[in-house]
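The structure appears right after this line, and notes come after that.
This structure is a prediction, so every number in the text was calculated from the model and none was measured. Atoms within each ligand, like the ligands themselves, are counted from 1 in listed order.
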Amino acid sequence: MSRQKGSKGQNLQLLLTAGIGSDHVDLNAAAAAGLTVAEVTGSNVVSVAEDELMRILILVRNFLPGHHQVISGEWNVAGIAHRAYDLEGKTVGTVGCGRIGKLLLQRLKPFNCNTLYHDRIKMDPELENQIGAKFEEDLDAMLPKCDIIVINTPLTDKTRGLFDKDRIAKCKKGVLIVNNARGAIMETQAVADACSSGHIAGYSGDVWNPQPAPKDHPWRYMPNQAMTPHISGTTIDAQLRYAAGVKDMLERYFKGEDFPAQNYIVKEGQLASQYR
Ligand SMILES: NC(=O)c1ccc[n+]([C@@H]2O[C@H](COP(=O)([O-])OP(=O)(O)OC[C@H]3O[C@@H](n4cnc5c(N)ncnc54)[C@H](O)[C@@H]3O)[C@@H](O)[C@H]2O)c1
């Protein structure tokens, strides 16, 4: 929903996202026009965190080439094993540690990894202790420590293109990256080049720039990728939750009632803090 499209809706008042992530709306234009933007905060966070854990394991164990061998009639254990590792003992860092980031770190705990997180906000000490992850204030200081990096920030003016050529170069050689947040947080060609050179040893995610990804999108053809279409937050369980959340907000809207406070992305000209 661009500024131009929004301005055509003379009676437009409300924009609801059936899920999480409202970067498809020009939020500054919506705020200036006095529109309300809301999403079903939390509705698919478990679905995405579970999916991230799956992608980490798929990359660490070099699962996909093994599966492809089965389909193509091959049997070459050494061809898989030379790049397969245990997750135990590896360092996993999440860039962004809101709802999804925290759920992922909680799910990683039994795997006995070292976990790090970078966010604008440090967790309260009790929760941090319970989750067992270390806060890294400086993103560029965290990156070289990580065997696996997971992206969990919204797409904002500050995170667009955050992982360009220079920042990817700061990551460990052979890093694995999982990104279910937004494709535009990465520079498309920089990721493809780093996968080709082996600096990134594996890249997996479900978000692309643009979406739907065109047939010639470089991430479809780069080596060592485990990409899917945008599916991680669309399990049947998640669909039930965000459908119920949208219905609830529409009912409240027509009764003149407020939405749950955490659902507002733009309200009375103000952007929610995670988008500022
Ligand atoms: N692939 C999918 O299906 C899917 C589904 C749901 C959400 N998402 C994406 O995941 C994102 C995160 O979701 P969430 O529910 O965890 O959101 P959240 O608001 O709970 O957490 C986002 C975190 O990112 C941090 N952050 C924001 N800007 C930052 C910056 N510049 N540097 C460091 N940290 C920053 C915030 O402080 C916050 O802790 C969504 O915005 C959306 O883009 C994708």
Under 3.5 Å: N/O of I100 near N/O of ligand 1: yes
Protein heavy atom under 4.0 Å of atom 39 (O) of ligand 1: yes
Nearest-neighbour protein heavy atom for atom 26 (N) of ligand 1, which is reported as residue plus atom name and distance: R120 NE, 3.7 Å
E126 CD: over 12 foreign heavy atoms closer than 6.0 Å: no
Proximal ligand 1 atoms for V45, defined as those under 4.0 Å from one of its heavy atoms: 15 (O)
Atom 5 (C) of ligand 1 [closest protein heavy-atom partner, distance rounded to 0.1 Å]: V48 CG2, 3.3 Å
Mutual orientation of the aromatic rings belonging to W208 and W219 [parallel < 30°, tilted 30-60°, perpendicular > 60°]: tilted
N-O pairing of E128 and K122 below 4.0 Å: yes
Least distance between heavy atoms, K158 atom then R276 atom: NZ-O, 3.2 Å
Positive for side chain to side chain contact (heavy atoms under 4.5 Å, CB included) with I200, one of D193, V175, I149: V175
H67 NE2: over 12 foreign heavy atoms closer than 6.0 Å: no
Minimum non-hydrogen distance to atom 27 (C) of ligand 1, winning option of G101, G98, S47, P154: P154
Residue and atom name of the nearest protein heavy atom (relative to atom 11 (C) of ligand 1), distance in Å to one decimal: T153 O, 3.9 Å
Per-atom contacts of ligand 1 with G233, taking only distances under 4.0 Å to non-hydrogen atoms: 3 (O)
D166/K170 ion pair, N-O < 4.0 Å: no
Carboxylate-amine/guanidinium proximity below 4.0 Å for D258 and R252: no
Sub-4.0 Å atoms of ligand 1 with respect to non-hydrogen atoms of C97: 39 (O)
Ligand-side contact atoms (ligand 1) for residue partner A181, heavy atom cut-off under 4.0 Å: 9 (C), 43 (O), 44 (C)
Numbered atoms of ligand 1 (with element) below 4.0 Å of D206, judged on heavy atoms: 1 (N), 3 (O)
Protein heavy-atom partner closest to atom 12 (C) of ligand 1 - residue, atom, separation in Å: N152 O, 3.7 Å
Considering all heavy atoms, the nearest I231-D206 contact: N-OD2, 3.0 Å
Contact check: R99 vs ligand 1, nitrogen or oxygen atoms, below 3.5 angstrom: yes
Ligand-side contact atoms (ligand 1) for residue partner S232, heavy atom cut-off under 4.0 Å: 1 (N), 2 (C), 3 (O)
Polar proximity ligand 1 side, D119 side, N/O cut 3.5 Å exclusive: yes
Option from N180, L53, T234 for which side chain to side chain contact (heavy atoms under 4.5 Å, CB included) with V48 holds: N180
Separation of N114 CG from L108 CG (nearest 0.5 Å): 11.0 Å
Selected option - heavy-atom contact closest to atom 31 (N) of ligand 1, from I185, L162, T159: T159
Residue H230 vicinity, atoms of ligand 1 by number, heavy atom under 4.0 Å: 1 (N), 2 (C), 3 (O)
Atom 44 (C) of ligand 1 [closest protein heavy-atom partner, distance rounded to 0.1 Å]: N180 O, 3.1 Å
contact_flag N44 ligand 1 heavy-atom lt 4.0 Å: yes
S196 vs P223 side-chain heavy atoms within contact, under 4.5 Å: yes
